[in-house]
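Each chain gets a letter, A, B and so on, in the order its sequence line appears, and its residues count up from 1.
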Amino acid sequence: MADETLDDKKEEVPEIASFDPTKKKKKKKVAIIDPADDPVDNLAEKTENLSVSDGFETSFAGLKKKKKKPVETSNFTDEGGDAAEDLDDHSGEDEGEGDALAPHYPWEGSDRDYLYEELIGRVFDILRENNPDLAGDRRRTVIRPPQVLREGTKKTVFVNFMDLCKTMHRQPDHVMAFLLAELGTSGSLDGQQRLVVKGRFAPKNFEGILRRYINEYVICIGCKCSETILTKENRLFFLRCEKCGCERSVAPIKAGFVARVGRRNAGA
Amino acid sequence: MSELDAQIPTAFDPFAEANAEDSGAGTKEYVHIRIQQRNGRKSLTTVQGLKKEFSYNKILKDLKKEFCCNGTVVQDPELGQVIQLQGDQRKNVSTFLVQAGIVKKEHIKIHGF
């Protein structure tokens, strides 16, 4: 008979008075028609399968936390086990309320606990809506472009050097050391505080190197803000952020290998 | 009491992974690839920091053949052996070293414009 086949397949629900097509595992929404003893039996089986969180939430369900459930007892049993499918059907019944909540959170369909990532995402979304600059994870967009001039044929002059150092709150010595190490050439600061570098370089080259310097020595990795201070403690360089207070050590600038280019001394 | 039992380590070395990585990599030594300018638009590529076990001559020969350029191995008093190639070969050298399996990509640092 249909009852027995159904019993064989689904051992969870051993007593079914009549073969109710809607009584298959996934659709338990028609609970009002159930015979009286079914809720008790269902509950007994489902409490065995319950996790702690689900059990905790069923205790709230009786208090009509979600107003869309009409009958209390059937709500109680349905929320006990297979919560996702049950509530999907319930929310399918009362769709008006579901659409009214504009941001559809991934946990709304079921009674499961919130995941940590979901909570964080939610916090940042709300923060971004109401107070966009507080949650700003944007890098500083205002970096003045470096101005370079050519002095003679073999030298390049970096005009904005001092301004850039001041904007970044860095010592000119440190920045100069980095630039010269990366370019692999020699250079110096002339009388007007401009950086004169030996060689021919385009502004784009300078920009690339400056970007690398900023990423490495200026921007805080935690909050990506550019308000940092470089201090030297005990022969180590530390980068301390003003906004979030995080401190990290940075590698000292090493010159590297510089090949012999140019004229060797004539004779010996 | 059950908490205490759970926290007693059971012959699990938490640094096993870190040590394995380090020993494989050679304790965080980077390979620096730099570029220098010569006269005109000629330039020079310098590779420094490769492990000493390698035969620099063989690597150099392969590099020269691969990129059709000239090169040499220079002995530096502090930095050891440095490979010098003619032209701007930074990207070429980088891909070559990674493909040959000499260095891992994380240990290569490219400097210069």
Side-chain angles (χ1 to χ4, degrees), chain A residues 145-148 150-158 161 164 174-187 195-217 236 248-264, chain B residues 25-52 54 56 59-60 63-64 67 69-91 93-94 97 103 106-113:
Chain A
Q147 274 180 295
V148 292
R150 204 127 301 158
E151 184 181 306
T153 46
K154 292 186 191 164
K155 287 195 185 164
T156 310
V157 176
F158 189 177
F161 183 65
L164 263 148
H174 198 252
V175 187
M176 192 171 84
F178 184 81
L179 281 180
L180 294 180
E182 287 292 303
L183 294 170
T185 53
S186 56
L195 183 68
V196 179
V197 183
K198 193 168 148 231
R200 284 201 283 252
F201 299 100
K204 208 172 83 165
N205 301 338
F206 276 103
E207 267 178 46
I209 298 182
L210 279 169
R211 192 161 297 142
R212 249 186 277 166
Y213 180 77
I214 291 175
N215 285 341
E216 166 93 28
Y217 291 98
L236 278 176
R248 68 171 175 118
S249 69
V250 287
I253 299 174
K254 265 206 263 175
F257 176 72
V258 182
R260 257 219 114 279
V261 181
R263 304 214 175 125
R264 293 179 165 78
Chain B
T27 65
K28 282 264 183 174
E29 276 175 12
Y30 292 110
V31 173
H32 299 273
I33 304 181
R34 295 193 167 87
I35 185 173
Q36 269 176 262
Q37 269 189 346
R38 263 177 53 194
N39 38 348
R41 52 181 202 160
K42 295 195 190 293
S43 47
L44 207 68
T45 306
T46 306
V47 183
Q48 171 219 332
L50 288 171
K51 281 164 105 187
K52 293 200 177 65
F54 291 117
Y56 278 67
I59 296 181
L60 182 71
L63 285 171
K64 280 161 65 170
F67 310 137
C69 62
N70 200 0
T72 175
V73 173
V74 177
Q75 308 285 344
D76 191 65
E78 342 166 311
L79 298 164
Q81 289 182 317
V82 183
I83 293 182
Q84 222 171 274
L85 296 167
Q86 287 181 3
D88 184 3
Q89 315 282 359
R90 286 174 295 166
K91 284 210 181 118
V93 170
S94 174
L97 291 176
V103 198
E106 305 95 48
H107 299 291
I108 295 186
K109 285 207 170 196
I110 299 190
H111 303 265
F113 52 90

Note to self: Can you tell me which portion of B/I35 sits under 4.5 Å from chain A's heavy atoms? Options are side chain, backbone, both or neither.
What the structure shows: backbone
Check: What pair of heavy atoms forms the shortest contact from A/I209 to B/F113, and how long is it?
Finding: CD1-N, 4.2 Å
Checklist line | Gap separating the CG atom of A/L183 from the NE2 atom of B/H111, nearest 0.5 angstrom | finding: 12.0 Å
Next item on the list: Verify the neighbour count for atom NZ of A/K155: are there more than 12 heavy atoms of other residues, nucleotides or ligands below 6.0 Å?
Entry: no
Note to self: Let's test your reading of the structure: which of B/H32, B/Q84, B/E78 forms the most heavy-atom pairs below 4.5 Å with chain A?
What the structure shows: B/Q84
Checklist line | B/R41 backbone acceptor or donor facing A/R200 side chain under 3.5 Å | finding: no
